[in-house]
Structures are given as C-alpha cells and as structure tokens.
Amino acid sequence: MKVTIIGTGYVGLVTGACLAEMGNHVLCLDLDAAKIRTLDSGGMPIHEPGLLEVVRRNVAAGRLQFTTDVERAVAHGTLQFIAVGTPPDEDGSADLQYVLAAARNIGRLMTDYKVVIDKSTVPVGTGDKVRGVIAEELATRGVDVGFAVVSNPEFLKEGAAVADFMRPDRIVIGASDERAILLMRSLYAPFVRNHDRVLVMDVRSAELTKYAANAMLATRISFMNGLSQVAERLGADIEMVRQGIGSDPRIGMHFLYAGVGYGGSCFPKDVSALARSATEAGSPLRLLEAVEAINEQQKRVLVEKIVRRLGDNLNGKTIALWGLAFKPNTDDMREAPSRTIIAELARRGALIRAYDPVAAQEAVRVMGDVPGLLVVDSAASALQGADALAIVTEWKEFRTPDFEAIRAALRTPVVFDGRNLYEPETMAAFGLEYHCIGRPSWPAAVA
Ligand SMILES: NC(=O)c1ccc[n+]([C@@H]2O[C@H](COP(=O)([O-])OP(=O)(O)OC[C@H]3O[C@@H](n4cnc5c(N)ncnc54)[C@H](O)[C@@H]3O)[C@@H](O)[C@H]2O)c1
C-alpha cells in the first residue's frame with residue numbers, strides 16, 4: 001500500500017519504517033529540513049534501538065523515502081498518517097495546531113480518496129475537527145473528493161519502539177467508514193498474524209483509550225511514589241511492598257517502581273490534557289490532580305535527601321549525576337526528572353558532573369545554559385572530584401558498577417539512588433552511605 005507519514009519524529013519514523021518493512025511504500029514528510037537531510041544522508045535524528053537498521057534496509061529497497069515537499073506527500077499515500085506533536089497548551093490542554101495544519105494541507109491538495117489517520121495523541125473530538133478542516137478546504141476549492149478520518153493511537157514505548165510496533169499488544173482503530181476499516185485491517189494484518197489484536201471501535205472511544213492508558217500508567221507510578229514516602233516514614237521497604245502487591249495477578253508487576261517521578265513526552269502532557277478535557281466536559285477527574293501533584297513533589301525528593309545530608313547551601317559541592325534521559329534506551333529529554341533535579345542543585349550553588357550513555361548531546365542542547373552543569377563522557381569521569389553520586393536514570397551500565405572505584409573517587413562516600421538500583425547491604429559492604437527511595441537508608445542513623 002502507499003502510505004504517507006506526516007511528522008517524522010519518534011512515532012512517525014518508527015511507524016513509517018515498520019510499515020515499509022512489511023512491503024508498503026512509505027513517504028515520510030517533515031517540515032524540519034535538517035531532520036530530513038539527516039535521514040537522507042543515512043543518519044538518524046533520534047536514538048531508538050534497532051531503528052537505524054530497519055530504516056537503512058527499507059531505504060535501500062526503495063520502499064522508504066523522506067521529503068519536505070507537502071504536495072508530493074499528499075499525492076503519495078492513500079493512507080495519510082498524522083504523527084505530528086501535540087504539546088501542552090498554556091492551560092494544559094493539547095495544542096492541536098500541528099495536527100490541524102497537517103489536515104488542512106491534505107484538504108488543500110488531495111485529488112483522490114484518502115484515509116486520514118490520527119496517530120498523534122489527540123483529545124476526544126479531534127477526529128471531528130480534522131474532518132471539519134478537510135471538508136472546509138475541499139469546499140473552498142469547490143471539489144468533491146471522498147475521504148475518511150480514522151483514529152489509530154500509538155502505544156509504542158520509546159526505547160523499545162520498533163519491537164512494540166512489530167509485535168503490538170493491540171491495535172486500536174477508531175472508525176465508522178467500512179472502506180477505511182478494511183484498509184486499516186489489511187495494513188496491520190502482517191503485525192497480528194498469530195492472533196488478531198485489532199480492536200475496531202468508534203473514533204471517540206479510540207481517542208479516549210490512548211489518554212486512559214497513559215493516565216492509568218501514570219497513576220500507578222504516582223501511587224507507588226506516594227506510598228514510598230509513607231514507607232520511609234513508617235520504616236517499611238517499598239521494594240518489599242512492590243513485590244508483595246505485584247505478585248497479585250489483578251495488580252501485576254509493571255509500572256510499580258518508586259523513583260524520581262515520571263517524565264517524557266507523553267505522560268505529563270497526556271495526564272494534564274485528560275484532566276483538562278474531563279473538566280471541560282463537566283466531569284473533573286480529581287484523581288489526576290493528585291497524580292500530577294505527587295509527581296511534581298517526587299521530582300524533588302532526591303534533592304531533598306541531598307540537602308538533608310549535605311546542607312541547603314551547596315556552594316563548593318560537586319554532585320556526580322548518572323542518567324539524564326527520562327528513561328533508559330532513549331535520548332529523549334522532554335520533561336525528564338533530571339532537568340528539575342539539576343535545576344534545583346544548580347540553584348543551590350552545586351556543580352554537577354552529569355553523564356548519560358546516549359542523551360549527552362540532547363542534554364547540552366536543552367540544558368547547556370544551566371550554570372555549573374558539565375556533561376561528561378563517562379560514568380567514571382562524572383565521579384572525579386565529586387562529593388556525592390546521584391543516580392537518576394536506571395541505565396543497565398549503572399546496575400553493577402565498580403563500587404570500590406565509586407568509594408575511592410567520592411570525597412564523601414555517599415550515594416543518592418533515585419532508582420533503587422542497589423541493595424542497602426551491598427552498599428554497606430562497600431562502605432558506601434546509601435540513600436534510596438522508600439527504603440531504609442544505610443546507615444539508618446543518617447536517614
Ligand atoms: N514519543 C512517544 O513515545 C509517543 C508514543 C505514543 C504516542 N505519541 C504521540 O505521537 C505524537 C508525535 O509524538 P513524537 O514523540 O513522535 O513527536 P516528535 O516531536 O518527535 O515528532 C513530531 C514531528 O512532526 C513534525 N511536524 C510538525 N508539524 C508538521 C506538519 N504540519 N507537517 C509535517 N511535519 C510536521 C515536527 O517537525 C516533528 O519532527 C504526539 O501526539 C505524541 O503524544 C508519542
């Protein structure tokens with residue numbers, strides 16, 4: 001099938017590459033000429049495991065192309081995926097300007113039947129707005145060309161996006177047009193060969209499903225983060241509690257880790273957009289206000305522990321910081337808790353020697369002007385001359401570090417672990433003072 005992807009970011013590029021992998025002819029459009037130049041010259045604008053190989057293979061096979069030419073993009077695909085950003089507006093609602101601009105371009109230029117597919121995360125009712133602007137453009141041109149609008153939210157996880165797209169848990173298709181449903185089913189058939197995981201529903205339910213999924217996951221995280229603070233006060237261990245409740249199949253083990261708060265390009269904005277939609281609909285979801293408030297508080301918990309131990313004035317102190325990306329296996333720094341943590345440390349006068357296996361360049365781009373922040377190129381280099389170590393992202397390479405070397409490098413052998421990577425007994429054995437989240441610190445007296 002001929003497919004156009006509008007917006008070649010994390011979602012658009014993965015979608016385009018994976019659809020090409022199944023034999024479709026895909027043209028990816030982006031307005032960012034630098035991004036398209038990078039892709040055209042064989043480069044990769046984002047870090048996503050396995051993506052470069054899929055892109056290269058399909059470009060070589062002639063099934064995947066990139067362009068900044070809107071006219072060519074609209075002409076190419078019968079299926080037009082909209083995968084542009086939907087950032088938060090000032091009031092927390094989703095800003096639809098990019099989605100509607102993309103839809104308007106389709107209406108302005110289309111000459112034959114199109115299925116316009118919202119893959120961006122968009123509030124309930126956006127399908128109607130997309131249909132409205134396309135119809136308006138067609139009316140202005142005085143032409144009558146058929147089209148359908150479909151909601152097809154994306155559930156991939158950054159860091160595992162290719163695997164998620166190739167083997168989806170479910171594919172949600174919100175549509176009422178039979179021809180469009182048939183085309184969508186056949187597009188996705190290769191991805192669900194062993195058993196059908198396609199859920200066809202109305203557009204509004206599909207739109208709401210995406211927000212509901214992210215809000216539920218964010219709620220689990222905030223629940224555990226809130227509980228971790230209770231556990232600290234009551235002398236319980238959140239890790240034990242996690243295992244104790246996660247083994248109940250009704251609860252399950254996923255998304256139950258206490259940490260430094262959720263971040264990324266989706267949870268924060270999607271929770272806030274759903275809260276906004278609910279309020280506007282006259283049915284406020286108060287639960288989500290608590291989810292957001294706990295998350296904001298949690299992003300400061302590690303700094304509070306540092307301040308309790310090293311004092312509020314961190315002038316002359318150096319903190320080694322491991323992990324900048326909002327989670328492992330991505331270079332995405334959008335809403336990363338590290339940004340709040342670094343800003344809070346810098347505000348108190350600390351110098352920060354930060355290391356991340358892949359997000360260094362992106363971190364310098366978004367935080368390069370933070371005074372006292374130095375992004376270094378290894379975990380060991382971050383420790384040089386540091387008073388303490390703070391762990392913010394749970395990259396695999398931090399799981400079994402050289403504890404002797406950490407102790408030798410730090411001026412005070414103290415580790416603040418925002419991801420509960422280590423056992424307090426192990427740290428005790430290496431003579432490292434250890435502060436983590438929702439667990440007794442070692443030695444207990446300095447908690
Ligand atoms: N990143 C994720 O993990 C993820 C997962 C599921 C859903 N989503 C949703 O998917 C959407 C896209 O997210 P993303 O992370 O891929 O965003 P992104 O910022 O990485 O990419 C969006 C791209 O769209 C381009 N763009 C904007 N307007 C355009 C236009 N009119 N025509 C062509 N290109 C245009 C931008 O230049 C940018 O490259 C969002 O709604 C997001 O909530 C994201």
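Predicted, not measured: the structure shown is a model, and the values here were computed from it. We count ligands from 1, going down the list as the structure has it; atoms in each ligand are counted the same way. Below, all heavy atoms of this structure are taken into account, side chains as well, without hydrogens, waters or symmetry copies.
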Next on the checklist: Salt bridge or not between Arg439 and Glu423? Use side-chain N to carboxylate O under 4.0 Å.
Outcome noted: yes

Checklist entry - What's the verdict on salt bridge (Lys or Arg N to Asp or Glu O under 4.0 Å) for Glu296 and Lys299, showing C-alpha distance, side-chain angles and the deciding distance? => result CA-CA 5 Å; Glu296 277 313 303; Lys299 288 196 247 172; 3.1 Å; yes

Next on the checklist: Can you name the atoms of ligand 1, numbered from 1 with element, that are less than 4.0 Å from a heavy atom of Gly85?
Outcome noted: 22 (C)

Checklist entry - Going by the order shown, which atoms of ligand 1 are within less than 4.0 Å of some heavy atom of Ile6? => result 32 (N), 33 (C)

Item to check | Ser265 (side chain) donor-acceptor with Arg334 (main chain) under 3.5 angstrom | outcome: no

Item to check | Nearest-contact summary for atom 21 (O) of ligand 1 - protein heavy atom, Å | outcome: Gly9 CA, 3.2 Å

Checklist entry - Is any side-chain N of the basic residue among Arg57 and Glu53 closer than 4.0 Å to the acidic one's carboxylate O? => result no

Item to check | Arg104 bridged to Glu137 by N-O distance under 4.0 Å | outcome: yes

Item to check | Nearest non-hydrogen protein atom, atom 41 (O) of ligand 1 | outcome: Thr86 OG1, 2.6 Å

Checklist entry - Does the side chain of Asn420 pick up a donor-acceptor pair with the side chain of Tyr257 at under 3.5 Å? => result no

Item to check | Asp112 bridged to Lys114 by N-O distance under 4.0 Å | outcome: yes

Checklist entry - Is the shortest N/O to N/O distance between Thr121 and ligand 1 below 3.5 Å? => result yes

Item to check | Nearest-contact summary for atom 29 (C) of ligand 1 - protein heavy atom, Å | outcome: Val84 CG1, 3.4 Å

Checklist outcome for this item: Nearest non-hydrogen protein atom to atom 30 (C) of ligand 1, with distance, is Leu31 CD1, 3.4 Å

Next on the checklist: Does any N or O of ligand 1 fall below 3.5 Å from an N or O anywhere on Glu154, backbone included?
Outcome noted: no

Checklist entry - How far apart are the C-alpha atoms of Ile245 and Met224, what are their side-chain angles, what is the distance that settles it, and do they pass the side-chain contact (heavy atoms from CB on, under 4.5 Å) test? => result CA-CA 11 Å; Ile245 62 172; Met224 290 308 284; 4.0 Å; yes

Next on the checklist: Geometry only, no angles: is Thr8 polar-contacting ligand 1 at N/O separations under 3.5 Å?
Outcome noted: no

Checklist entry - To the nearest 0.1 Å, how far is atom 8 (N) of ligand 1 from its closest protein heavy atom, and which atom is that? => result Val11 CG2, 3.5 Å

Checklist entry - Is Asp196 paired with Arg185 through a side-chain N to carboxylate O contact shorter than 4.0 Å? => result yes

Next on the checklist: What I want to know is whether Lys157 and ligand 1 share at least one N or O pair that is separated by under 3.5 angstrom.
Outcome noted: no

Item to check | Min heavy-atom dist Arg334 to ligand 1 below 4.0 Å | outcome: yes

Item to check | Taking atom 1 (N) of ligand 1 as the reference point, the nearest protein heavy atom with its distance | outcome: Glu158 OE2, 2.7 Å

Next on the checklist: For Asp91, is there any backbone N or O sitting under 3.5 Å from a side-chain donor or acceptor partner on Asp89?
Outcome noted: no

Checklist entry - Can you list the atoms of ligand 1 that are under 4.0 Å from a heavy atom of Gly7? => result 23 (C), 24 (O), 25 (C), 33 (C), 34 (N)

Checklist entry - Which of the atoms in ligand 1, numbered in the order shown and given with their element, are less than 4.0 Å from a heavy-atom of Lys269? => result 42 (C), 43 (O)

Checklist entry - At a 4.0 Å threshold, what atoms of ligand 1 neighbour a non-hydrogen atom of Lys210? => result 6 (C)

Checklist entry - Just distances here: any N/O of Cys266 and N/O of ligand 1 closer than 3.5 Å? => result no

Item to check | Proximity to ligand 1 by part of Ser120, non-hydrogen separation under 4.0 Å | outcome: both

Item to check | Expected output: side-chain Ser272 to main-chain Gly92 donor-acceptor under 3.5 Å | outcome: yes

Checklist entry - Who's the nearest protein heavy-atom neighbour of atom 23 (C) of ligand 1, and how far? => result Asp30 OD2, 3.6 Å

Checklist entry - Which atoms of ligand 1 are found less than 4.0 Å from any heavy atom of Lys35? => result 38 (C), 39 (O)

Checklist outcome for this item: Numbered in order shown, the ligand 1 atoms found under 4.0 Å of a heavy atom of Ala83 are 12 (C), 22 (C)

Checklist entry - Do Phe147 and Leu138 pass the side-chain contact (heavy atoms from CB on, under 4.5 Å) test, and can you show the C-alpha distance, the side-chain angles, and the key distance before you say yes or no? => result CA-CA 10 Å; Phe147 69 97; Leu138 291 174; 3.8 Å; yes

Checklist entry - For Asp270, is at least one N or O under 3.5 Å away from an N or O on ligand 1? => result no

Checklist entry - Do side-chain atoms of Asn58 reach the backbone of Arg63 as a donor and acceptor pair under 3.5 angstrom? => result no

